[in-house]
Amino acid sequence: IVLSLALPAGVNAQEEGETNQEERLEGLKFTGLPLPSFNDDIGFTYGARVIGTYYAEGYDPYQVQIWGQYLASTKGFEDHALSIDALNFLGSGLRVRMRGGFSRTLNAQYYGFGNFQDIQQIERISSGEVPVGDNIPRTRSIQEGQYLATETGLQPYLDDKFGEEFNLNENILTDFPGSLQDGTAINPGRRVLRERQNKYFFYDRTRPYVEATTENFIGDSNFLRFAGLRGQRYKIQSYFDVRDDGEAEPNSQTLVDVEQPFGYDAIETDDRRFVNGVRVALGYDSRPRLRENNPNAGIFTDVHYETVGEWTGSHYDFQRLTVTWRQYIDIFPSFFNSFGDELVLAYRVLGQETFGDVPFFEAGRIYNVNPNEGSEGLGGSGGLRGYPSNQFVDKVMTMANIEGRYTFSRVSWLGGIDWQVMYFYGIGRVAPGWQGWAPRGMHKAWGPGFALVWQRNTIVTVFAGQSEFQRFTAFRLSHNF
């Protein structure tokens with residue numbers, strides 16, 4: 001809605017005068033975003049986020065920002081949340097962020113651990129082209145019914161739908177037509193396998209959560225210190241023997257049932273599991289304070305440590321260390337600014353190591369100081385934007401991202417909107433430990449994107465990433481980093 005309304009107004013607004021990211025705003029400002037979008041992980045979304053931002057002299061990028069959202073999707077994803085971000089909270093000199101919410105992911109991914117996966121085989125299993133687990137027949141299939149229905153002279157007698165119901169096995173070679181008459185030549189076809197296996201790489205994850213962090217710059221320097229708490233309560237359920245709506249076949253055992261990785265006790269006992277963390281970090285942030293959400297200069301780096309254990313009220317005991325370096329470079333500002341435009345080169349290098357026994361449903365999470373940078377494994381909208389979330393997960397996870405952000409239009413409508421086009425490229429890999437890490441075997445993703453920056457602190461990005469075998473399209477309410 002914002003895009004459709006603002007685009008036609010942009011021409012006139014550009015002629016009347018331009019706004020820019022350094023313009024001072026005062027008082028309470030509201031922005032509201034409907035959330036119809038698409039994400040390959042979660043499907044089509046619907047909902048809204050309402051943002052209230054209070055601007056005051058001496059506070060950059062603002063004094064207080066509060067937002068609330070309702071977000072749900074066609075694939076059963078939910079994330080309803082309330083967030084508060086206050087600078088110099090109650091005169092303490094601390095920046096305090098608090099967020100609470102409820103998240104549910106009906107199709108949370110589990111592809112196992114490791115850097116090397118047969119992505120094409122994963123797709124064939126999910127679509128029912130290849131049987132797996134208990135669905136592997138005792139007698140080998142030699143011909144798909146779908147092939148017979150579409151590529152042979154049997155087309156007048158077998159339609160596509162019927163062809164999906166069966167595969168022919170080797171028994172037909174030794175006993176014809178008897179094996180057809182008694183059914184011993186028939187194996188389950190693509191439809192049956194698809195319904196039994198389309199949840200093979202998924203599980204159901206529910207997660208109420210609450211987070212509270214404090215941070216402040218040390219003296220008049222750009223160095224900052226950070227501390228925080230995170231509370232999470234997981235409920236994990238398997239799809240084994242569950243029949244999806246509109247399907248005739250119940251789901252067979254999923255990969256998480258077959259492998260039973262650490263944390264499977266959450267499924268076996270059907271009990272909720274707490275994963276509560278204490279967080280500390282040191283960082284350096286020389287980005288323009290006014291433009292921290294859409295920077296055009298500076299370095300932002302942090303070393304973040306999180307510990308989880310019985311003493312934090314958790315069921316598990318592990319630690320994470322995450323190091324992140326980001327830099328933003330204004331390219332030929334005198335040239336582009338003369339047209340009212342801007343070209344920024346942004347890059348990020350990130351590495352994380354997890355120590356201890358982390359449950360599989362928490363193993364892929366990547367956290368650092370920036371609350372907008374969370375990722376699940378190397379994929380998804382926060383990682384390599386050409387793979388789904390949790391595609392590559394292990395104890396050591398590394399990635400590097402680079403993108404160009406070109407601001408080609410600025411309009412004064414609705415309090416000021418900047419329009420950007422982007423192109424990004426990312427590489428990354430995972431390993432069970434640093435001894436197993438090597439620069440070869442890097443996964444790569446790339447693609448274009450589009451963004452609007454509304455009143456400096458409301459950002460909407462849309463991108464279409466791709467990798468060697470996959471594509472990933474998503475909508476996001478921030479820059480990637």
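With hydrogens and angles left out, the side-chain atoms of Ser381 and Arg476 include a donor and acceptor closer than 3.5 Å. When only modelled atom types and interatomic distance are considered, Arg405 and Gln420 share no side-chain donor-acceptor pair under 3.5 Å. In the model, Gln391 has no side-chain atom that pairs as donor or acceptor with a side-chain atom of Tyr111 under 3.5 Å.
Taking 4.0 Å as the cut-off between side-chain N and carboxylate O, Arg273 and Asp265 count as a salt-bridged pair. A salt bridge links Glu373 and Arg348; the closest N-O separation between the charged side-chain nitrogens and carboxylate oxygens is under 4.0 Å. The pair Arg97-Glu215 meets the salt-bridge criterion, since a charged nitrogen lies less than 4.0 angstrom from a carboxylate oxygen. Between Glu249 and Arg194 there is no salt bridge, since no side-chain nitrogen of the basic residue lies less than 4.0 Å from a carboxylate oxygen of the acidic one. With respect to the salt-bridge test (charged N to carboxylate O, under 4.0 angstrom), the residues Lys75 and Asp41 do not qualify. Arg191 and Glu165 are joined by a salt bridge, as a carboxylate oxygen and a charged side-chain nitrogen come within less than 4.0 angstrom of each other. A salt bridge links Lys235 with Asp270: the distance from a Lys NZ or Arg NE/NH1/NH2 to an Asp or Glu carboxylate oxygen falls below 4.0 Å.
The backbone N or O of Ile42 sits less than 3.5 Å from a side-chain atom of Ser73, completing a donor-acceptor pair. A donor-acceptor pair under 3.5 Å links the side-chain atoms of His315 to the main chain of Phe274, judged by distance alone. With Asn198 contributing its side chain and Ser126 its backbone, the two residues share no donor-acceptor pair below 3.5 Å. Between the side chain of Asn251 and the backbone N or O of Val242 there is at least one donor-acceptor pair closer than 3.5 Å. Remark: side-chain polar atoms of Asn167 are paired, donor with acceptor, to backbone N or O of Pro188 under 3.5 angstrom. Remark: side-chain polar atoms of Arg429 are paired, donor with acceptor, to backbone N or O of Arg440 under 3.5 angstrom. Thr74 contributes a side-chain N or O that, together with a main-chain N or O of Phe44, makes up a donor-acceptor pair within less than 3.5 Å. Checking side-chain atoms of His304 against main-chain N and O of Leu321 turns up no donor-acceptor pair under 3.5 Å. Side chain of Asn276 to backbone of Gln232: a donor-acceptor contact under 3.5 angstrom is found. Not one N or O on the side chain of Ser103 forms a donor-acceptor pair closer than 3.5 Å with the backbone of Asp79.
Between the CG atom in Leu350 and the OG1 atom in Thr324 there is a gap of 4.0 Å [rounded to 0.5 Å]. Separation of atoms CG (Leu71) and CG (Leu477) is listed at 8.5 Å; rounding is to 0.5 Å. Residue Asn115 holds its CG atom at 14.0 Å from CZ of Phe113, rounded to the nearest 0.5 Å.
Within the structure, every pair that satisfies the salt bridge (Lys or Arg N to Asp or Glu O under 4.0 Å) test and touches residues 298-320, not counting sequence neighbours, is listed here: Arg230-Glu306, Asp302-Arg326, Glu306-Arg320, Arg320-Glu362.
In this structure, the side chains of Leu345 and Leu343 stay at 4.5 Å or more apart for every pair of heavy atoms. At a threshold of 4.5 Å between non-hydrogen side-chain atoms, the residues Arg99 and Ile84 do not count as touching. Looking at Leu33 and Thr31, their side chains never come closer than 4.5 Å, going by heavy atoms from C-beta outward.
Contacts of Tyr234 classified as ring pair (Phe, Tyr, Trp, His ring centres under 6.0 Å), with partners at least two apart in sequence or in another chain: Phe361.
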Take Arg207 and Glu78 through the salt bridge (Lys or Arg N to Asp or Glu O under 4.0 Å) test and state the conclusion after the steps.
-> CA-CA 10 Å; Arg207 184 178 73 101; Glu78 298 177 63; over 6 Å; no
Kindly indicate, with the supporting measurements, whether the criterion ring-ring contact (aromatic ring centres under 6.0 Å, His included) is fulfilled by Phe392 and His443.
-> CA-CA 9 Å; Phe392 305 104; His443 304 289; 3.6 Å; yes
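Counting non-hydrogen atoms of other residues, nucleotides and ligands closer than 6.0 Å to CD of Gln435 gives a total of 12 or fewer. For Trp325, the CH2 atom sits in a loose shell: 12 or fewer heavy atoms of surrounding residues, nucleotides or ligands are nearer than 6.0 Å.
Each of Phe360, Tyr203, Phe201 was evaluated against Tyr110; a single residue qualifies, Phe360, per the ring pair (Phe, Tyr, Trp, His ring centres under 6.0 Å) test. The only option from Arg385, Lys444, Arg471 that meets the side chain to side chain donor-acceptor pair (under 3.5 Å) definition with Gln466 turns out to be Arg471.
Of all non-hydrogen atoms in Glu144 and Glu129, the two that sit nearest each other are OE2-O, 3.9 Å.
By the 30° and 60° cut-offs, the orientation of the rings of Trp437 relative to Trp434 is tilted.
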